[in-house]
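All values below come from the heavy atoms of this structure, side chains included, with hydrogens, waters and symmetry mates left out. In the text below, chain A, chain B and the rest are named by the order of the sequence lines, each starting its count at 1.
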There are 2 protein chains.
Amino acid sequence: MTDFPQGFTLHVGNMGVKDDTNDLMLLGCIPQTTIAGVFTQSRFAGPNIEICRHNVASGTARAVAVVSKNANVATGETGHADAKELTELVAATVDADPTEIIVGSTGVIGVRYPMDKIRTHFTQLNAPFSEQSAELAARAIMTTDTHPKVASASAGSATIVGIAKGVGMIEPDMATMIAIITTDAEISSDRLDETFRRVVQHTFNALSVDTDTSTSDMAIVLASGQAGPVDENQFETALSEVCLNLTRQLAADGEGAETLIVVNVTSARDNEQARRVAKAIVNSPLVKTAVHGCDPNWGRVAMAIGKCNDVDIDEHNVAIQFGTQEVYPTPATPQTLTELETYLAGDEVHINADLGISDGTFTAYGCDLTDGYVRINADYTT
Amino acid sequence: MTDFPQGFTLHVGNMGVKDDTNDLMLLGCIPQTTIAGVFTQSRFAGPNIEICRHNVASGTARAVAVVSKNANVATGETGHADAKELTELVAATVDADPTEIIVGSTGVIGVRYPMDKIRTHFTQLNAPFSEQSAELAARAIMTTDTHPKVASASAGSATIVGIAKGVGMIEPDMATMIAIITTDAEISSDRLDETFRRVVQHTFNALSVDTDTSTSDMAIVLASGQAGPVDENQFETALSEVCLNLTRQLAADGEGAETLIVVNVTSARDNEQARRVAKAIVNSPLVKTAVHGCDPNWGRVAMAIGKCNDVDIDEHNVAIQFGTQEVYPTPATPQTLTELETYLAGDEVHINADLGISDGTFTAYGCDLTDGYVRINADYTT
């Protein structure tokens with residue numbers, strides 16, 4: 001079991017949002033806990049996201065609440081009022097100002113919170129809370145995730161513990177990614193923000209399950225300072241490790257996914273081109289179904305590179321590998337193809353594309369496209 | 001049965017590229033037939049595409065050959081030499097210069113043509129050819145299409161007849177769209193090119209089955225001039241009608257598709273924004289699976305609009321309809337939702353999104369995402 005670092009206390013409970021499983025995760029933080037966060041760019045972002053954006057800007061936070069089973073998105077003025085009241089309820093419980101509260105939400109769109117039930121639940125609550133288990137918290141924010149997602153790492157005397165949910169569905173609505181990283185390291189909010197944004201670029205932003213973007217995505221990091229200052233490089237490395245670990249867990253648990261796909265693009269013009277090409281490959285339905293079918297069909301990888309339509313990509317300079325086996329331009333032998341079918345049947349498949357231009361690189365994380373994805377999103381209707 | 005217009009003769013045959021079905025479609029044109037065409041932008045475009053681009057530029061053509069069951073893509077220098085030899089064989093048969101020949105190809109990637117078999121087939125061939133049936137031609141260029149695709153219209157004394165294939169698969173490789181439109185109207189190649197590019201924007205370029213772009217896509221129009229000059233507006237209207245008809249047939253016959261999805265975006269900032277939003281909706285795996293599951297889940301349409309991330313899209317000004325039924329912001333009643341489930345079970349579903357900004361519009365054509373898509377592309381391995 002992994003506990004949250006010093007300075008954090010946890011409550012999980014059932015407010016009756018949908019059924020009798022836990023639907024509230026409430027993480028209390030000591031005063032002066034610094035915070036940084038990144039949120040969905042969606043134009044249909046929920047009111048909770050709007051509140052979070054505003055409150056994160058202050059640089060400190062006293063509590064994070066995540067409601068699962070209801071996204072509170074596209075619920076109009078009343079939905080906005082409900083989100084505001086929720087932050088006030090949390091603030092009263094931890095004796096803080098509503099501007100120090102972060103509220104995430106994930107689940108069905110277009111349905112209001114059951115505010116009576118939520119109010120009743122909060123009347124029984126007192127901070128500090130009694131729980132510490134990150135697994136318990138990770139489980140409380142799950143929707144159709146098949147298992148809780150937790151990762152941890154150390155940086156000097158400090159520890160970093162992260163939880164995440166997604167990419168799951170509820171009453172077949174939108175997938176939502178929520179990631180909450182905690183640490184007892186002492187770090188200013190400006191420095192935390194700067195570090196977190198760099199880390200997010202090659203971790204959560206390198207993740208794609210189905211190209212759809214949630215209205216409720218959020219990733220935040222909270223630092224209680226209880227372990228004192230730590231070496232900044234060491235901290236960034238440890239933070240990267242935790243975020244990458246969670247990213248891989250999210251990709252591998254994508255809807256219906258059976259295989260984690262890691263696409264590594266090298267020798268691109270720059271990192272931005274490498275990112276676009278890696279995303280094109282990892283998002284291609286034809287590449288995703290080829291991996292699902294254990295078919296070493298490199299033509300589909302070539303197609304995905306080709307459709308990026310960059311004039312400096314020249315098919316004569318491109319090389320493609322499955323794992324460590326080159327398949328283009330040197331063709332695989334029949335013997336090698338048989339070995340590749342076995343490789344593609346594994347839990348994790350690496351596709352490498354070298355563009356032969358310059359030194360840009362990017363690694364993207366995704367999953368195969370299966371009948372399970374279609375069944376989850378089509379057959380299980382409201 | 002639809003015959004090609006005056007000035008065109010047809011040969012179809014089996015060269016033994018893969019099995020004993022027809023794999024050669026050869027359309028002969030009289031001298032002075034004008035041509036215009038658009039081709040894939042892929043950086044892995046096949047050598048046939050390179051030859052076509054060059055030959056279309058002259059503005060006239062004497063024959064179009066389409067080889068099915070083999071794309072002749074990523075086959076290196078020998079593949080380029082094979083494509084060149086194919087144009088020479090066609091040119092000799094119709095007594096023309098190789099620069100007057102258009103060669104399309106669709107099928108497996110990375111495999112060479114069986115040149116011996118192709119040479120043998122051409123020794124028996126003489127122009128003019130004896131066939132006229134557009135259905136016969138459409139069938140000869142099919143790969144895993146479930147039926148041949150033909151459309152026709154009139155413009156004054158001239159007729160326009162088009163055939164198309166795709167979006168099918170062969171030995172699970174790439175989908176390829178090939179469309180060939182013929183007319184006996186008399187029209188200069190410059191005027192034909194200009195008209196065709198305008199028409200393609202709102203027809204073939206409005207089509208998306210799975211966001212993947214083939215290495216072999218081509219759409220061409222040939223005008224024999226036999227029916228004399230026609231009114232230009234009338235011609236463009238008729239050409240639009242044929243191309244739109246083929247586009248709808250291609251979308252409805254997308255891999256595994258059971259439902260044609262027509263997404264109409266209105267009141268956008270401009271037509272370009274409308275196009276991006278319409279494509280985002282029609283390509284969203286969550287929207288596609290919702291339609292497949294007959295689930296009137298408008299939250300997914302809102303999500304797809306939201307992820308376009310344009311600052312002038314405001315959720316308070318957006319309206320969403322399934323068919324003629326508004327579902328956002330006015331919510332559907334339980335009665336209406338039941339009716340919508342029946343509507344979504346039909347062969348053709350219309351999704352309308354009004355962005356409430358200005359007067360930009362675009363209509364995109366796609367299909368639902370089904371277990372059939374996954375099975376075709378994953379389970380039927382090489």
- Query: If you measure from CG on A/D314 to CZ on B/F44, what distance do you get to the nearest 0.5 Å?
  - Reply: 8.5 Å

- Query: At what distance, to the nearest 0.5 angstrom, does CG of B/L286 lie from CD of A/E255?
  - Reply: 6.5 Å

Most contacts with chain A, counted as non-hydrogen pairs under 4.5 angstrom, among [options]:
{"options": "B/G110, B/A74, B/A45", "answer": "B/A74"}
{"options": "B/T370, B/V311, B/I305", "answer": "B/V311"}
{"options": "B/P329, B/G76, B/G372, B/G306", "answer": "B/G306"}

- Query: Does any non-hydrogen side-chain atom of A/V374 lie less than 4.5 Å from one of B/Y373?
  - Reply: no

- Quick one: what part of B/D310 sits under 4.5 Å from any heavy atom of chain A, side chain, backbone, both or neither? backbone

- Item | Part of B/V291 lying under 4.5 Å from any heavy atom of chain A | neither

- Can you name the closest pair of heavy atoms from B/A378 and A/T289 and give their distance? CB-O, 3.1 Å

